[in-house]
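These notes concern the structure reproduced below.
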Amino acid sequence: VQLVESGGGLVQPGGSLRLSCAASGFTFSTTYMNWLRQAPGKGLEWVSSINPGGNNPAYAESAKGRFTISRDNAKNTLYLQMNNLITEDTAVYYCATTGAISDVDQYCWGLYCRTRGGLGTQVTVSS
C-alpha cells in the first residue's frame, strides 16, 4: 500500500491550493479515503472523507465551505481543493484509508490509516 501526497506549498491568506494523493497497492475504487492534517505542535486532525463513489463527502467544521474533497478512481488519485486558506490551515496534510489495508504498510490513528514513512505534503499559509 502506497499513498503519496503532493501539491502543498507556501500561499498567502485567501489563496488556494490543490492537494493530490496517488494511491497504489490496493483497490482504490472501493476504498473510503480521507485527508488528515497535523499542525505544528499539535496532534492529527481529521479534515475530510469521501466514499468510494465520490458522491458523499464529509468535512470537519474547520473545512466546510472552503475545502472540497474529490477522487478520480480511474487515476487512483484523491484530491483536496483548498480555497480561502487561513493561517490556521498551516499543517502537514496526509491522505489515509478508512481502516487498514495492510498492517505491514500502514499504521492507524483511530479509523484512519496512513502509510508508514509517508511524508505528507506541507501547506504553509503566511503573508
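Pairs passing the side-chain hydrogen bond (donor to acceptor under 3.5 Å, both in side chains) check and including a residue from residues 16-30, sequence neighbours excluded, read S16-N83. A side-chain hydrogen bond (donor to acceptor under 3.5 Å, both in side chains) check over residues 2-13, counting only residues at least two apart or in different chains, returns nothing.
Of all the heavy atoms in C113 and G99, the pair that sits closest is SG-C, 3.4 Å. The heavy-atom pair separating C95 from R114 by the smallest distance is O-CG, 4.0 Å. Taking each heavy atom of L36 and L44 in turn, the nearest pair found is CB-CD2, 4.2 Å. Pairing each heavy atom of L85 with each of F67, the nearest pair is CD2-CE1, 4.0 Å.
Between the side chain of S126 and the backbone N or O of T124 there is no donor-acceptor pair closer than 3.5 Å. Although no hydrogens or angles enter the test, the distance criterion places no donor-acceptor pair under 3.5 Å between the side chain of D72 and the main chain of N76. Proximity of a side-chain donor or acceptor of D105 to a complementary backbone N or O of S102 within less than 3.5 Å is not detected.
Within a 6.0 Å radius of CG in L119, no more than 12 heavy atoms belonging to other residues, nucleotides or ligands are found. Surrounding CZ of F26 are more than 12 heavy atoms belonging to other residues, nucleotides or ligands, all under 6.0 Å away.
Under the 4.5 Å side-chain criterion, counting only non-hydrogen atoms from C-beta, M33 is in contact with F28. In this structure, W35 and I50 have side chains that are not in contact, with every pair of non-hydrogen atoms separated by 4.5 Å or more.
Counting only N and O atoms by type, the side chains of N34 and T98 include a donor and acceptor under 3.5 Å apart.
For the pair R71 and Y79, the cation-pi test (distance below 6.0 Å, angle within 45°) is failed. The cationic atom of R116 (NZ for Lys, CZ for Arg) does not lie both less than 6.0 Å from the six-membered ring centre of Y107 and within 45° of the ring axis.
By the side chain to side chain donor-acceptor pair (under 3.5 Å) test, K64 is found to be paired with E61, residues two or more places apart in sequence or in another chain being considered.
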